[in-house]
Amino acid sequence: MAQHILNAVALGSVYLVFALGMALAWSTIGILNFAHGATFMFSAFTAHVVTQHVALPMPAVVLVAVAAGALIATLTQVLAFGPIMRRATDHRSAELRILIGGIGVAAIPLAIAERVTASAPFGFRGSTYQAQVFEIAGLRMTTTVLVIVVAGIGIGVGVWRWLATSRQGLALRAIGVDSETASLMGVDRSTLALGTMATAGALAGLAGALLTFQLGAIAPASGDQLLIKAFAIVVLGGLGSMGGVIVGAFVLAGAETFVLAMNQGTWVDAVSFGLIFAVLLLRPQGLFGRKEVRRT
Amino acid sequence: MRVPHRWRRLRRATACALVAVAAVSMSGCDAAQGGIATEEGIPKEIKLLGVRDQTGPVAYAGIGGARGGKLAIAEINRSGFLGDGVKLTIKEIDTAGSIETASAEMAQATADRTVHAIMGPTQGQQAATVAPMVERAQVPTIFTQAGSDGVVINDYTFRATAPMASYYNLATEYLADKGLGDVSVLYNATYPTFAEIGEGSFPKQADRHGLDIVSSTPVQSTTQDFTTPVRSIAGEDPDAVVMLLTEPQSVTALTQLRQAGYDGQVMGTSVQGGGNLKEAGKHGEGVIYPTDFSPALTGEKARDFVAAFQQRFGRKPDVYAAEGYDGMWWLARAIKASGSASREGIKRGLQQVAKEGFDGVMGELTFEGNDMRVPGVLVRWNGTSEELVSGGAS
């Protein structure tokens with residue numbers, strides 16, 4: 001049982017790092033970035049290409065992926081989402097166009113990675129890092145799992161507290177509630193939007209590197225599967241609540257692990273998403289979302 | 001200004017007529033250059049179309065098939081196999097992993113009267129969608145991969161890939177021979193080929209050979225992390241694990257299985273071919289799997305094919321390339337056998353060659369109806385390449 005809980009925590013930590021970036025951009029600057037999965041994948045792919053030429057240790061590989069993720073997300077904001085938001089007549093049409101724009105942006109890195117790899121799995125074989133297996137109190141884990149859990153929970157709680165207590169966090173939350181009023185109060189929306197997207201992209205890159213280390217390899221399409229899960233996590237936790245994202249990630253991972261532990265692997269998606277559906281029937285705003293549709 | 005209704009109708013009708021005339025004249029131009037594919041005899045140019053994934057999730061299968069086919073065409077043309085100056089030509093169209101694109105491209109391809117035959121989609125769902133279309137248009141179509149039911153369903157559909165289940169007995173026999181009696185099965189239950197082996201053919205074969213299936217663990221195509229199921233399997237400590245998973249899933253499951261402390265035999269599938277286990281590093285070493293082709297085959301045809309492929313593409317061929325190559329030679333033999341490159345002639349020829357069978361790079365090829373069967377070969381991944389374990393011309 002304890003081993004299953006540990007497995008769920010490890011899986012939840014990966015989901016959390018991935019979903020945090022998406023939730024951050026969605027709940028503050030109002031960008032539901034459907035290119036987040038492609039950013040995740042292409043960051044890992046960039047690190048894969050680099051490790052094919054240079055043998056790097058794990059921290060360096062992670063750094064490459066984080067930098068690539070931040071760069072991709074910044075470019076996405078500057079070249080796609082920024083112009084869309086400037087030209088949109090109202091917030092609702094901007095959201096819809098960003099959603100479609102994100103799908104379009106996602107197609108580019110996906111096509112490049114598929115072309116280069118012929119859709120075969122890729123990993124960090126060139127890295128000098130080798131996962132070590134150890135046991136603590138009868139629980140078997142790898143050094144990769146340890147890094148993922150520490151990074152996931154640490155970053156999750158860090159982002160949550162930063163958003164709740166810092167001045168920049170307050171400014172971001174103000175944009176989430178009413179961007180026009182926030183601007184009148186002196187909040188520089190464009191700069192904060194760029195910074196938020198870069199942070200979200202860096203988190204996607206971090207998730208890409210950590211998950212690739214954990215799984216051994218991912219495929220170009222792996223980001224799409226995570227995107228659906230992240231979407232479910234944010235909705236389950238409640239849009240605008242970073243604490244909700246943390247809980248949502250571990251609830252989803254816990255449900256999946258439980259179904260797999262019961263040897264009912266074909267029911268994983270049905271049970272996990274059914275559970276989310278049931279929660280939303282009882283609490284349409286999600287576990288920690290506010291009743292009124294407002295971003296924190 | 002509002003246009004009267006009848007004028008709008010007339011305009012629309014005129015536009016439709018112009019489009020139709022343009023389409024007919026364009027098709028006429030093509031015909032003049034390449035010959036009408038319904039005429040009997042062998043023209044100087046026999047036009048083929050490859051409608052398969054060159055991008056998308058299973059691009060590796062389409063790219064491999066196309067490369068194998070191109071190599072075969074080069075050999076057929078160079079050797080004058082179909083007569084002096086007779087050339088096979090092929091144009092590849094990318095279905096990009098989409099059923100809708102495959103369907104639209106096949107509709108265009110079958111409507112083109114200059115196309116003699118088609119090398120069809122490699123993805124099962126795409127192939128099953130276009131198979132009825134092929135019969136309606138009466139264009140002989142050879143599929144590679146596309147292991148689903150509903151693909152080889154009429155006189156015009158042919159498949160140059162043997163179902164994995166038809167040679168998976170090599171794996172079962174190996175496990176029985178080595179006394180690896182307790183077996184756990186980890187399989188992707190939402191992938192038809194693996195579900196069929198995991199739930200159907202392997203349990204039957206295991207029963208026949210006295211193997212005991214300790215556990216059978218289904219997962220989905222969306223499963224990315226295998227920590228939980230492999231921990232359970234490692235706890236059972238079976239003599240062998242039969243792993244029926246897709247490429248990225250295999251790398252992950254294998255890595256996590258070894259990290260969970262399992263050091264027994266892992267039996268995979270041909271999906272592990274083509275170097276897909278490289279990413280698993282040392283965890284992939286020693287995995288054995290049955291496949292329809294391996295560059296490790298020592299028969300003369302296979303060796304020549306590997307050398308020619310390596311020279312042309314700078315890498316060893318995978319199973320997809322071998323299937324594309326043998327599929328193209330099946331087509332060439334069919335044209336020669338029937339003495340006609342017309343669509344009907346090719347269909348007749350493919351059926352005739354299927355009745356007789358022939359030697360290909362995958363070994364002695366036989367057929368069940370329009371569906372290929374291969375002897376199969378069992379190989380071991382040593383960390384860098386495949387080694388022959390049994391079967392094949394070893």
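Worth knowing before you read on, the calculation uses all heavy atoms, side chains too, and leaves out hydrogens, waters and symmetry mates. What you see is a predicted model; the values in this text were computed from it and never measured.
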### Query
Which answer fits A:Glu256, side chain, backbone, both or neither, if we ask what part of it has an atom under 4.5 Å from a heavy atom of chain B?
neither

### Task
Can you tell which part of A:Gln132 gets under 4.5 Å to a heavy atom of chain B, answering side chain, backbone, both or neither?
neither

### Query
Among B:Ala260, B:Gly281, B:Pro229, B:Ala280, which has the most heavy-atom pairs under 4.5 Å with chain A?
B:Ala260

### Query
Side-chain donor-acceptor pair under 3.5 Å between B:Ser103 and B:Thr129, yes or no?
no

### Message
With chain A as the partner, which of B:Ala189, B:Gly261, B:Ser232 has the greatest number of non-hydrogen pairs under 4.5 Å?
### Response
B:Gly261

### Message
Working note: B:Glu386 + B:Arg380, criterion salt bridge (Lys or Arg N to Asp or Glu O under 4.0 Å); need CA distance, chi angles, decisive distance, verdict.
### Response
CA-CA 5 Å; B:Glu386 291 174 351; B:Arg380 178 186 291 108; over 6 Å; no

### Task
Identify the two heavy atoms, one from B:Asp225 and one from B:Thr223, that lie closest to each other, and give their separation to 0.1 Å.
O-CG2, 3.6 Å

### Task
Measure the acute angle between the ring planes of B:Phe313 and B:Phe309, then classify it against the limits of 30° and 60° as parallel, tilted or perpendicular.
tilted

### Interface moiety of A:Thr117 toward chain B, non-hydrogen atoms closer than 4.5 Å
neither

### Task
Below 4.5 Å from any heavy atom of chain B, which atoms of A:Thr142 appear? Answer side chain, backbone, both or neither.
side chain

### Query
Parallel, tilted or perpendicular: which fits the ring planes of A:Phe122 and A:His48, with parallel below 30° and perpendicular above 60°?
tilted

### Task
Sort A:Val268 into side chain, backbone, both or neither according to what part of it lies under 4.5 angstrom from a heavy atom of chain B.
both

## Note on the structure
If one checks every heavy atom of B:Thr246 against chain A at 4.5 Å, the contacting part turns out to be neither

### Query
Side chain, backbone, both or neither: which part of B:Gln256 has an atom under 4.5 Å from a heavy atom of chain A?
side chain

### Query
Which region of A:Arg115, side chain (C-beta onward) or backbone (N, CA, C, O), has a non-hydrogen atom less than 4.5 Å from a non-hydrogen atom of chain B, or is it both or neither?
side chain

### Summary
Residue from B:His283, B:Gln224, B:Lys282 scoring the most non-hydrogen pairs under 4.5 Å with chain A is B:Gln224

### Query
Side chain, backbone, both or neither: which part of B:Ser216 has an atom under 4.5 Å from a heavy atom of chain A?
backbone

### Message
If I measure from the heavy atoms of chain A, does B:Lys278 come under 4.5 Å with its side chain, its backbone, both, or neither?
### Response
both

### Task
Answer with side chain, backbone, both or neither: which region of A:Leu215 has an atom nearer than 4.5 Å to a non-hydrogen atom of chain B?
both

### Message
So for atom CD, which belongs to A:Glu135, do other residues, nucleotides or ligands contribute more than 12 heavy atoms lying within a distance under 6.0 Å?
### Response
yes

